[in-house]
Amino acid sequence: MRFAPNPNGPPTLGSTRGIVVNSEYVKKYGGRFIIRFDDTDPVTKRPMPEAYDWYLEDCKWLGAEPDEVVMASDRLPIYYEYAEKLIKAGHAYVCTCTREEFKKLKDNKQACPHRDTSPEHHLHEWKRMLAGDYEERTVVLRIKTDIKHKDPALRDWGAFRVVKTPHPRPEVGDKYVVWPLLDFEGAIEDHLLGMTHIIRGKDLMDSELRQKYVYDYLGWTYPHTSHWGRVKMHEFGKFSTSGLREAIEAGEYSGWDDPRLPTLRALRRRGIRPEALRKFFIDMGVGETDVSLSLDNLHAENRKLIDADANRYFFVWDPVRLDISGSQVTDAKLPLHPSVDRGFREITVESSVLVCSQDISDAKPGDLFRLKDLYNIRITGEGTAEFAGRDIETMKKEGGRIIHWAPVDGIPVKVLTPDGEITGIGEAGIATEVDRVVQFERFGYVRIDSANGEVIAYFTHR
RNA sequence: GCUCCGGUAGUGUAGUCCGGUCAAUCAUUCCGGCCUUUCGAGCCGAAAACUCGGGUUCAAAUCCCGGCCGGAGCACCA
């Protein structure tokens with residue numbers, strides 16, 4: 001099995017399906033999992049040098065360490081060798097039609113003037129291509145199929161073109177001016193890498209039909225293939241790697257791990273576990289139907305994984321101060337988890353706390369509240385309240401609400417969510433949880449990203 | 001325009017290859033109830049589907065034909 005990305009950006013939720021499904025088959029049935037970088041386009045989908053490592057990192061994170069890593073851009077001489085073989089056998093030809101001319105002929109099932117000249121001539125032209133005698137967009141090496149094939153997608157397809165822009169990898173640079181197209185490069189590689197099975201998106205369905213011509217010419221057997229449909233997430237619109245890149249460069253996003261983005265780096269920073277992603281995509285299966293689903297499913301899986309390990313803390317957004325009369329200094333002892341024994345956190349409360357303004361905005365004097373794990377209070381006026389006992393049962397009888405709170409000397413917290421930033425005050429203990437996922441009670445799960453004076457948290461999900 | 005795929009509850013998914021065991025699986029969402037000093041979880045319950053029309057057959061989600069709907073390919077992108 002293989003996963004064959006073009007590293008022109010970091011892995012996204014879309015790439016994850018390829019990584020998870022292919023690696024899962026290997027885990028289940030044995031075999032080898034190969035990552036092949038299809039980085040054969042130095043211009044239109046120009047690879048990012050950093051992204052190669054990003055893919056490897058993210059694969060490792062997802063529990064999909066490859067048995068082998070291959071870069072197509074290292075292997076151009078191999079592709080040239082097979083091209084030459086095909087030219088000599090009369091299965092490929094150098095075509096100097098313009099794109100428009102060729103399309104017109106092809107659509108009318110007509111061969112172009114170059115198709116039927118001798119292999120010797122094409123071999124000569126091919127050498128000239130390699131030597132750089134041709135400019136970009138003036139020439140292409142085509143594989144002969146059946147120019148009268150009823151499916152226009154299969155008629156004599158392009159295998160190599162001239163690209164004079166250097167490749168972004170310094171090891172490659174301007175070494176080559178003739179680059180293979182995906183169908184050719186993939187065809188050769190899948191055979192050479194010993195691929196027995198291919199699972200990929202159904203946009204590549206016709207590739208199989210095109211590549212089979214090459215396999216037939218070379219006497220190879222095509223791997224078993226299956227294809228999955230398109231995935232659309234309700235939460236993310238249409239996104240392309242190049243589109244994201246532009247938006248990031250324009251400053252619309254803070255970077256490739258902006259919490260609004262569907263990149264793996266962003267999901268990881270938000271505290272999504274790799275196991276949740278694996279389960280999510282394995283449960284999705286490999287059907288050919290297009291699916292459109294909500295991140296809720298992923299979040300549900302993630303919640304099951306993180307809940308028992310996530311310590312609870314109070315975070316008060318849009319805080320307002322409440323001065324409480326009649327209370328004594330109290331050392332509150334609060335469990336770090338409601339059902340798992342994870343110990344306690346302690347907060348000393350003198351005579352004021354912070355609460356969310358929305359919790360008391362409608363409160364009238366006389367209304368009873370329970371400050372969770374502390375004591376009861378009764379509202380007496382704007383920003384003031386009085387102590388109303390410690391017994392929760394009496395409060396329950398009266399039907400008061402339980403709200404959370406924060407100490408007045410808590411630390412500032414900023415939560416980055418897909419919908420924007422939320423700021424407030426949290427208890428000091430949060431600062432000890434850097435790089436862990438915790439739950440802000442009555443708010444949701446967050447991953448504590450940093451705590452230098454101010455805590456920066458990335459919202460995970462509710 | 002030509003060509004290729006697909007269509008099972010709100011959303012995914014199993015079953016389709018090899019027709020009966022399907023009065024259709026599982027998960028999730030929504031809605032009730034229990035439990036709970038947050039949220040969630042847990043437990044109980046409820047609702048919810050074979051795209052349509054023909055055909056073959058004793059028997060069709062399953063096989064065949066047609067319609068409708070959706071997606072993809074027809075690049076000197078991957």
Side-chain angles (χ1 to χ4, degrees), chain A residues 4-8 37-41 43-47 72 95-99 102-103 106-109 134-142 149-155 157-163 178-183 185-186 200-210 227 229-232 234 240-242 279-280 282-294 296-301 303-304 306-308 310 312-315 334-335 337-340 370-376 392-393 395-396 400-404 439-445 461-462:
Chain A
N6 175 16
N8 62 336
F37 289 107
D38 283 345
D39 55 349
T40 54
D41 178 6
V43 179
T44 319
K45 292 191 174 171
R46 188 175 172 80
C95 171
T96 53
C97 294
T98 63
R99 206 197 328 194
F102 186 81
K103 180 171 167 50
K106 184 204 68 181
D107 286 347
N108 289 310
K109 304 188 181 180
Y134 281 102
E135 290 311 309
E136 291 186 15
R137 301 194 171 268
T138 60
V139 68
V140 57
L141 183 79
R142 294 189 183 282
H149 198 288
K150 62 175 181 169
D151 184 347
L154 302 190
R155 299 173 196 154
W157 47 275
F160 287 87
R161 83 302 206 185
V162 173
V163 179
V178 173
W179 286 86
L181 276 325
L182 178 73
D183 281 333
E185 177 265 329
R200 59 187 167 197
K202 70 176 184 183
D203 48 322
L204 264 18
M205 243 171 186
D206 286 341
S207 280
E208 172 171 355
L209 274 6
R210 282 191 283 263
H227 300 90
R230 275 171 56 120
V231 184
K232 215 190 285 170
H234 298 331
S240 67
T241 306
S242 44
K279 180 127 197 332
F280 178 72
I282 289 166
D283 285 352
M284 191 184 293
V286 287
E288 280 184 24
T289 43
D290 297 326
V291 300
S292 173
L293 71 177
S294 162
D296 282 351
N297 297 280
L298 175 65
H299 293 162
E301 295 303 337
R303 190 149 42 225
K304 289 176 194 166
I306 62 176
D307 182 71
R312 268 57 173 172
Y313 289 98
F314 288 157
F315 160 65
L334 309 93
H337 195 281
S339 51
V340 180
R370 171 70 176 192
L371 295 176
K372 187 171 182 288
D373 293 313
L374 188 65
Y375 46 62
N376 307 331
I392 189 159
E393 296 307 323
M395 168 269 175
K396 275 186 179 174
R401 291 212 307 131
I402 296 164
I403 61 174
H404 71 291
Q439 189 196 64
F440 286 166
E441 298 201 25
R442 304 214 297 144
F443 181 81
Y445 297 90
H461 48 68
R462 287 190 60 78

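Below, read A as the first sequence line, B as the second, and so on, with proteins coming before strands; counting in each chain starts at 1.
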Undergrad: Quick one: list whatever passes ring pair (Phe, Tyr, Trp, His ring centres under 6.0 Å) with A:His227, sequence neighbours left out.
TA: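 With neighbours one apart ignored, the set is empty.
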Undergrad: For A:Lys202, check salt bridge (Lys or Arg N to Asp or Glu O under 4.0 Å) against everything at least two apart and list the hits.
TA: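 Partners of A:Lys202 by the salt bridge (Lys or Arg N to Asp or Glu O under 4.0 Å) criterion, ordered by chain and then number, come out as A:Asp290.
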Undergrad: What's the closest nucleotide to the side chain of A:Lys45 if the choices are B:C77, B:U3, B:C39?
TA: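 Shortest atom-to-atom distance from the side chain points to B:C77.
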Undergrad: Under 4.5 Å between any side-chain heavy atoms of A:Val291 and A:Lys232, yes or no?
TA: no
Undergrad: To check you understand the geometry: which heavy-atom pair defines the closest contact between A:Asp38 and A:Ala72, and what is its length?
TA: CA-CB, 4.3 Å
Undergrad: Quick one: closest heavy-atom pair of A:Val139 and A:Tyr134, and the distance?
TA: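 Scanning both residues, the minimum pair turns out to be CG1-CB, 3.5 Å.
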Undergrad: Summarise protein proximity over nucleotides 60-66 of chain B in one line of letters, 5' to 3': B for base, S for sugar-phosphate only, - for none, counting protein heavy atoms closer than 4.0 Å.
TA: -------
Undergrad: Write down the distance separating the C1' atoms in B:C18 and B:G7, rounded off to the nearest Å.
TA: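 Nearest-Å result for B:C18 against B:G7 at atom C1': 23 Å.
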Undergrad: I'd like the C1' distance from B:C35 over to B:C50, given in whole Å.
TA: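 Nearest-Å result for B:C50 against B:C35 at atom C1': 38 Å.
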Undergrad: Over all strands shown, is A:Asp307 touching base, sugar-phosphate only, or nothing at heavy-atom distances under 4.0 angstrom?
TA: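 Base, at least one base atom sits under 4.0 Å.
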Undergrad: A:Lys103 has an atom NZ; how far is it from atom P of B:C2, in whole Å?
TA: 13 Å
Undergrad: Please tell me if A:Lys279 has a side-chain N or O lying less than 4.0 Å from either OP1 or OP2 of B:A27.
TA: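 Result: no.
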Undergrad: Which one, B:G40, B:C74, B:A72, comes nearest to the side chain of A:Tyr445?
TA: B:G40
Undergrad: Students often get this wrong, so: under 4.0 angstrom with heavy atoms, is A:Arg46 touching a base, only sugar-phosphate, or nothing?
TA: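 The answer is nothing, as A:Arg46 stays clear of every strand by at least 4.0 Å.
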Undergrad: Take A:Leu293 and A:His149, find for each the nucleotide of RNA chain B with the closest heavy atom, and name the residue whose nucleotide sits nearer the 5' end.
TA: A:His149
Undergrad: Classify the side chain of A:Glu136 versus the base of B:C76 as yes if they form a donor-acceptor pair under 3.5 Å and no if they do not.
TA: no
Undergrad: Check whether any side-chain nitrogen or oxygen of A:Lys106 sits under 4.0 Å from OP1 or OP2 of B:A75, and answer yes or no.
TA: yes
Undergrad: Please give the distance between the P atoms of B:C39 and B:C31 as a whole number of Å.
TA: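 Looking at atom P only, B:C39 and B:C31 are 15 Å apart.
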Undergrad: Give one of base, sugar-phosphate or nothing for A:Thr138, where a contact means two heavy atoms less than 4.0 Å apart.
TA: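 Since a base atom lies under 4.0 Å of A:Thr138, the category is base.
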Undergrad: Where each residue is assigned the nucleotide of RNA chain B containing its nearest heavy atom, which of A:Leu374 and A:Glu288 is assigned the position nearer the 5′ end?
TA: A:Glu288
Undergrad: Quick check on the 6.0 Å ring-centre criterion: do A:Phe440 and A:Tyr313 meet it?
TA: no
Undergrad: With the side chain of A:Arg370 defined as its heavy atoms from C-beta on, choose the nearest nucleotide among B:U28, B:U37, B:G7.
TA: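 Output: B:U37.
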Undergrad: Do NZ/NE/NH1/NH2 and the carboxylate oxygens of A:Glu441 and A:Lys372 come within less than 4.0 Å?
TA: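 Result for this pair is yes, salt bridge flagged.
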Undergrad: Nearest to the A:Arg230 side chain among B:C4, B:C74, B:A72, which nucleotide is it?
TA: B:A72
Undergrad: For the residue pair A:Asp39 and A:Pro7, what are the closest heavy atoms and their distance?
TA: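 The pair with the smallest heavy-atom distance is CB-CD, 4.0 Å.
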Undergrad: Among B:G73, B:C76, B:G40, find the nucleotide with the atom closest to the side chain of A:Arg303.
TA: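 Within the option list, the nearest is B:G40.
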Undergrad: Please work out if A:Leu371 contacts a base, only the sugar-phosphate, or nothing of the nucleic acid, heavy-atom cut-off 4.0 Å.
TA: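 Contact class for A:Leu371: none.
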Undergrad: Who does B:A27 pair with, Watson-Crick or G-U, both distances under 3.5 Å?
TA: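 For B:A27, the partner nucleotide comes out as B:U11, under the 3.5 Å rule.
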Undergrad: For B:A46, what is the paired nucleotide under Watson-Crick or G-U wobble rules, both distances under 3.5 Å?
TA: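 Paired with no nucleotide.
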Undergrad: Grab the NE2-C1' distance between A:His337 and B:U37 for me, whole Å please.
TA: 15 Å
Undergrad: Under 4.0 angstrom, heavy atoms only, what part of the nucleic acid is A:Ile392 near: base, sugar-phosphate, or nothing?
TA: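 The answer is base, as A:Ile392 lies within the cut-off (heavy atoms under 4.0 Å) of a base atom.
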Undergrad: Contact class for A:Asp290 (heavy atom, under 4.0 Å): base, sugar-phosphate, or nothing?
TA: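 The answer is sugar-phosphate, as A:Asp290 gets under 4.0 Å only of primed atoms, P, OP1 or OP2.
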Undergrad: Which listed nucleotide (B:A75, B:C39, B:U3) is nearest to the side chain of A:Asp151?
TA: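 Of the options given, the side chain of A:Asp151 lies nearest B:U3.
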Undergrad: Which part of the nucleic acid, if any, lies within contact of A:Lys372, taking any heavy atom under 4.0 Å across all strands shown: a base, the sugar-phosphate backbone alone, or nothing?
TA: base
Undergrad: What does B:G1 pair with, Watson-Crick or G-U, if both distances are under 3.5 Å?
TA: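 Matched B:G1 with B:C74 under the 3.5 Å cut-off.
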Undergrad: Taking atom C1' in both B:C52 and B:A41, compute the distance separating them and give it to the nearest angstrom.
TA: 43 Å
Undergrad: Which part of the nucleic acid, if any, lies within reach of A:Ser294 when heavy atoms closer than 4.0 Å are counted: base, sugar-phosphate only, or nothing?
TA: nothing
Undergrad: Does A:Lys396 put a side-chain nitrogen or oxygen below 4.0 Å from OP1 or OP2 of B:U37?
TA: yes
Undergrad: Expressed in whole Å, how much space separates the C1' atoms belonging to B:A47 and B:U51?
TA: 22 Å
Undergrad: Give A:Arg200 one of three labels, base, sugar-phosphate or nothing, depending on what nucleic acid heavy atoms sit under 4.0 Å from its own.
TA: nothing
Undergrad: Nearest of B:G40, B:C5, B:U28 to any side-chain atom of A:Met205?
TA: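 Per side-chain heavy atoms of A:Met205, the pick is B:C5.
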Undergrad: Kindly point out which of B:C39, B:A75, B:G73 is positioned nearest to the side chain of A:Pro338?
TA: B:C39
Undergrad: Quote, to the nearest angstrom, the C1' distance that separates B:U62 from B:C44.
TA: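 B:U62 and B:C44 have their C1' atoms separated by 36 Å.
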Undergrad: Now, which nucleotide makes the Watson-Crick or G-U wobble pair with B:G6, with each of the two distances under 3.5 Å?
TA: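 With both distances under 3.5 Å, B:G6 matches B:C69.
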Undergrad: Separation of A:Leu298 atom CG from B:U13 atom C1', in whole Å?
TA: 17 Å
Undergrad: Out of B:C74, B:A78, B:G12, which has the shortest distance to the side chain of A:Val291?
TA: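 Taking heavy atoms from C-beta onward, the closest nucleotide is B:G12.
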Undergrad: Hey, mind stepping through A:Arg200 and A:Glu208 against side-chain contact (heavy atoms from CB on, under 4.5 Å) and telling me if it holds?
TA: CA-CA 11 Å; A:Arg200 59 187 167 197; A:Glu208 172 171 355; 3.8 Å; yes
Undergrad: Whole-Å distance between B:U29 P and A:His234 NE2?
TA: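 That distance rounds to 13 Å.
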Undergrad: Is the closest side-chain heavy-atom distance between A:Pro47 and A:Asn6 below 4.5 Å?
TA: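 Yes - at least one pair of side-chain heavy atoms lies under 4.5 Å apart.
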Undergrad: Which residues pass the salt bridge (Lys or Arg N to Asp or Glu O under 4.0 Å) test with A:Asp307, sequence neighbours left out?
TA: A:Arg312
Undergrad: Please write out the pairs of protein N or O atoms and N or O atoms of nucleotides 44-46 of chain B separated by less than 3.5 Å, giving the distance to one decimal.
TA:
none

Undergrad: P atom, B:G54 versus B:A14: distance in rounded Å?
TA: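 Each nucleotide's P atom is 29 Å from the other's.
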Undergrad: With sugar-phosphate meaning primed atoms plus P, OP1 and OP2, does A:Cys97 contact a base, only sugar-phosphate, or nothing at under 4.0 Å between heavy atoms?
TA: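 The residue A:Cys97 makes base contact.
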Undergrad: Using the C1' atom in both, what is the distance from B:C65 to B:C26, to the nearest Å?
TA: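 Taking atom C1' in both B:C65 and B:C26, they lie 34 Å apart.
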Undergrad: So is A:Arg142 actually on top of A:Phe102's ring, under 6.0 Å and inside 45° of the axis?
TA: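 Yes - A:Arg142 lies over the ring of A:Phe102, closer than 6.0 Å to its centre and within 45° of its axis.
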Undergrad: Side chain of A:Ile402 only, please: which of B:C39, B:U37, B:A78 is the nearest?
TA: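 Of the candidates, B:U37 comes closest.
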Undergrad: Assign A:Asp203 to base, sugar-phosphate, or nothing according to its heavy-atom contacts below 4.0 angstrom with the strands shown.
TA: base
Undergrad: Taking only Lys NZ, Arg NE, NH1 and NH2, and the carboxylate oxygens of Asp or Glu, determine whether A:Arg303 and A:Asp296 approach each other closer than 4.0 Å.
TA: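 Not counted as a salt bridge, because no side-chain N and carboxylate O are separated by less than 4.0 Å.
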Undergrad: Within the 4.0 Å heavy-atom criterion, would you say A:Ser207 contacts the bases, only the backbone, or no part of the nucleic acid?
TA: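 Since no nucleic acid heavy atom lies under 4.0 Å of A:Ser207, the category is nothing.
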Undergrad: Rounded to whole Å, how long is the line connecting atom CE of A:Met284 with atom P of B:A14?
TA: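 These atoms are roughly 12 Å apart.
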Undergrad: Once salt bridge (Lys or Arg N to Asp or Glu O under 4.0 Å) is applied, do any residues pair with A:Glu393, and if so which ones, sequence neighbours excluded?
TA: none
